[in-house]
Amino acid sequence: MAEQVQRYRQYEYRANSNLVLTTDQHRPRTDEPSGEPESLKEHLEGLKFGDRVAYAKPDILAGGRKRKPDKTSDAAKRAKKEKDKA
């Protein structure tokens with residue numbers, strides 16, 4: 001029990017507050033966002049939504065997703081196999 005209390009006190013705020021380093025010079029960071037909302041008007045000059053869309057069919061050979069086979073084609077294949085067996 002004494003070990004648990006000692007371990008708990010090791011991480012208390014009072015024990016660690018004096019270990020935090022502080023600087024005398026406080027400079028605001030210019031490379032980080034300030035949190036203020038910024039307008040995107042300058043970044044979107046000459047563009048409208050949807051201008052960069054490319055309309056094309058996917059290339060199946062280049063890794064595009066293939067369609068699932070229709071149930072009717074599976075049923076037709078099964079029927080053909082059954083006729084061949086009979």
Side-chain angles (χ1 to χ4, degrees):
M1 181 70 179
E3 292 175 9
Q4 289 178 346
V5 172
Q6 187 178 9
R7 191 175 300 147
Y8 177 76
R9 286 184 182 166
Q10 178 183 1
Y11 298 108
E12 283 184 339
Y13 176 78
R14 284 182 277 150
N16 293 322
S17 64
N18 61 348
L19 301 176
V20 176
L21 301 176
T22 58
T23 61
D24 296 333
Q25 302 171 353
H26 176 67
R27 291 179 285 156
R29 306 231 8 207
T30 58
D31 58 337
E32 293 182 358
S34 63
E36 292 182 32
E38 298 178 7
S39 174
L40 296 176
K41 186 175 182 180
E42 298 84 30
H43 299 288
L44 300 176
E45 289 291 326
L47 292 176
K48 294 181 182 177
F49 284 98
D51 281 351
R52 295 171 49 183
V53 174
Y55 295 100
K57 293 184 178 180
D59 186 13
I60 294 175
L61 297 176
R65 296 179 74 189
K66 294 182 180 179
R67 286 188 185 182
K68 292 182 180 179
D70 294 337
K71 292 181 181 179
T72 56
S73 63
D74 288 344
K77 288 179 184 178
R78 283 189 220 126
K80 185 178 179 182
K81 285 182 182 179
E82 289 177 8
K83 285 183 184 179
D84 291 340
K85 287 183 182 179

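Computed over heavy atoms, backbone and side chain alike; hydrogens, waters and symmetry mates excluded.
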Subject >> Side-chain touch E12/R9, heavy atoms, less than 4.5 angstrom >> reply: yes

Subject >> Over all atoms of both residues, closest heavy-atom pair of S39 and E42 >> reply: O-OE1, 3.5 Å

**OP:** Please check if atom CD in E3 has more than 12 non-hydrogen atoms from other residues, nucleotides or ligands closer than 6.0 Å.
**Re:** no

Subject >> Residues which pass salt bridge (charged side-chain N to carboxylate O under 4.0 Å, His left out) with E32, listed by chain and number, not counting sequence neighbours >> reply: R29

